[in-house]
Amino acid sequence: DHPTPVKLATALLQLKGAQSSSPTGTGPADTIPIRADQSTAPLSQMQERVWFLENLTPGTVVHSIPTGHRLLGPLNVEAFNQAWRLLIQRQSVLRTVVERTPNGDVQRILPELPFSLIPFDDFSHLPEDERKPAMNKIIAELVETPYDLEKGPLFTARLFRLSPEEHGLLFQAHHLIWDAWSFDLLYADLPELYAACLEGRQPNLPALTVSYGDFAAWHNEWMTGPELQRQLGYWREQLTPLPPPLELPLDHPRPAIMSGRGGSFQFNLAKDVTDALRAQAQQQGRTLYITLLAAYALALHRVSKQSDFVIGTPVRGREQPALEHLMGFFVNMLPLRMRPTDDMTLPAWLGAVHRQVVDAFSYPDVPFDHLVHVMQVPRDRSRPPIHQASFSYQDVRERTTRWGNVDHQRMPTPMLGAAQDLSLWCVETRNHIEFVFTFNADVFETDSVGAFAKALERLLREIATDPDRPL
């Protein structure tokens, strides 16, 4: 209900009975100028960092974001293919590549992008027990394939037929053009475009009044203004001096250069536990996000034995209404400093995390990589700077599960890249919360991450039954 950092911070304050106070400062201005030339644009601050890293270690899949989709019902492949073409024309980031020029590297927005889901992979003729393995084999190969950011496209959409009534879809995008909120927009745009193509009507979607290129140009200009300096002051105070890196028990020695190889592990938290945790949070004037983040930090504290470390958490970076329906890479990482101590009670710890999040979300606009530069963080290519663990939460309970004439279900997909030592992505569905861990495969084995995940699950169940326990 509170999709932007400022709105969320305000809501969290109001849950605590604040007098309709809003966070300090105004953030970026509301008006984004529309540029005359939409064929090129500067790289945004967020894109520049990813582009730098891609050039530093080319040929990895660390910035690829794969998702799987199961479609049940009589899918009209021609109409679905046309819906994708309309989506590509609607969202310019899907037609974007990087171009090197004498004056610097820029975004090149192609007027059209040759695309077709047809021919698709048809496994319906195989014995039933061989169909999904055949699909998963191709998906694994696609997920392992890096993108050419100068050639494009910077996304993959591949359709698989398992039977006339069941299809699988792999959609994967490069982080240069994509973030988690873009997935929410995919779930809004694509079903409506497909339904419109089926019914022979115009799609009912909000008009896009600016482009990602417009945002990039405007945001780069905003970076020279006084609001950036004001917000920087908060983060300097929070992070000076920086705590030591998070040191989790390793399965393998840390290499001098992080390769970006990753693995994943998932468990689902039962709905009854989720409901109990949510009810507790509401009684305490907090959100479920705070409870999950606090539990994750506490679990990290227990295994690392550290009482001062940083967890990164993403914010959408779409404060302006004009950006609300625009796909692209807007997300910013906020470094949350965690200081749990064993003599704290759980309510005291939850309160500390709540205050940290409210404060941090009031200063959401300093690009993380700019913060790294300004704070002169020592370069260490063996691990990411400032934070080595991250946490994100996404509530997808309201996503449409009816795509035209088919039902949609999430389909597990391998995650083979890692930008952090350990990342936790909590996805709340109608039935449970998916806890999806991605980890640095240079130093961790799946079994160790699985053991950490089980410890976190036990901790959450303990919190649900004994909310006043000491840490």
Side-chain angles (χ1 to χ4, degrees), residues 2-10 22-51 87-99 101 103-111 154 173-186 188-189 203 205-232 314-334 361-371:
H2 309 288
T4 70
V6 169
K7 289 178 181 177
L8 178 58
T10 303
S22 61
T24 306
T26 58
D30 287 336
T31 303
I32 299 177
I34 300 173
R35 300 163 305 119
D37 181 7
Q38 292 287 321
S39 64
T40 64
L43 294 173
S44 70
Q45 295 283 324
M46 293 71 87
Q47 288 178 321
E48 282 185 359
R49 174 64 175 173
V50 171
W51 178 234
L87 180 68
I88 292 166
Q89 285 304 119
R90 171 176 167 80
Q91 299 283 357
S92 62
V93 291
L94 297 175
R95 294 179 277 111
T96 296
V97 296
V98 179
E99 183 176 286
T101 76
N103 297 321
D105 303 335
V106 299
Q107 300 180 66
R108 168 67 65 181
I109 298 88
L110 306 175
L154 304 190
H174 194 279
H175 210 349
L176 194 91
I177 64 164
W178 205 258
D179 61 16
W181 181 251
S182 298
F183 281 118
D184 286 284
L185 296 176
L186 179 74
D189 285 12
L205 292 172
L208 302 180
T209 57
V210 298
S211 67
Y212 185 81
D214 295 331
F215 161 79
W218 164 84
H219 190 256
N220 290 346
E221 180 69 23
W222 178 86
M223 289 284 294
T224 65
E227 176 63 13
L228 175 71
Q229 296 305 316
R230 187 190 71 81
Q231 294 194 29
L232 261 175
V315 290
R316 289 195 320 151
R318 290 172 169 85
E319 285 292 336
Q320 297 74 16
L323 304 178
E324 186 77 13
H325 303 287
L326 201 61
M327 294 176 179
F329 184 14
F330 297 89
V331 72
N332 189 29
M333 294 297 288
L334 301 186
F361 276 44
S362 300
Y363 300 88
D365 302 310
V366 179
F368 179 76
D369 301 303
H370 183 71
L371 182 63

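Under the 4.5 Å side-chain criterion, counting only non-hydrogen atoms from C-beta, S39 is in contact with R108. Q89 is listed as a side-chain neighbour of R95, based on a closest heavy-atom distance under 4.5 Å. Residues L43 and V50 fail the side-chain proximity criterion, which asks for heavy atoms closer than 4.5 Å. Proximity of D369 to Q45: side-chain heavy atoms (C-beta onward) are nowhere separated by under 4.5 Å. Within the 4.5 Å cutoff, the side chain of H370 has heavy atoms near those of the L232 side chain. Here the side chains of P367 and E48 are not in contact, with every heavy-atom distance at 4.5 Å or above. The side-chain heavy atoms of W222 and L228, taken from C-beta on, include a pair separated by under 4.5 Å.
One N or O on the side chain of Q107 and one on the backbone of P42 form a donor-acceptor pair closer than 3.5 Å. Under a 3.5 Å cut-off, the side chain of R316 and the backbone N or O of F330 do not form any donor-acceptor pair. Side-chain atoms of W178 never come within 3.5 Å of backbone atoms of V93 as a donor-acceptor pair (strictly under, hydrogens ignored). In this structure a side-chain-to-backbone donor-acceptor pair under 3.5 Å is present from N332 to P364. Here the side chain of T96 pairs no donor or acceptor atom with the backbone of I109 at under 3.5 angstrom. Counting only distance, with no hydrogens or angles, the side chain of Q231 and the backbone of S362 share no donor-acceptor pair below 3.5 Å.
Between L185 atom CG and E324 atom CD the span is 7.5 Å, to the nearest 0.5 Å. Within the model, atoms OG1 of T40 and CD of E99 stand 8.0 Å from one another, a figure rounded to the nearest 0.5 Å. Taken to the nearest 0.5 Å, the CG atom of L176 stands 13.5 Å off from the CZ atom of R49. Distance check: R35 CZ to W218 CH2 gives 13.5 Å after rounding to the nearest 0.5 Å. Atom-to-atom distance recorded for D189:CG and L205:CG is 5.0 Å, nearest 0.5 angstrom. In this structure, OG1 in T209 is found 6.0 Å from CD1 in I34, a value given to the nearest 0.5 Å.
Salt bridge status for R318 with D179: present, with a side-chain N to carboxylate O gap under 4.0 Å.
Closest non-hydrogen pair, T31 versus P33, comes out as O-CD, 3.7 Å. The shortest heavy-atom contact between R230 and Y363 is NH1-CE2, 3.3 Å. In terms of heavy atoms, F329 sits closest to S44 at O-OG, 4.4 Å. The two residues H325 and Q91 have their closest heavy-atom pair at O-NE2, 3.1 Å.
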Side chain to side chain contact (heavy atoms under 4.5 Å, CB included) evaluation trace for V331 with H175: CA-CA 10 Å; V331 72; H175 210 349; 4.0 Å; yes

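In this pair, F215 and Y212 present their aromatic rings tilted. The plane angle is within the 30 to 60° band.
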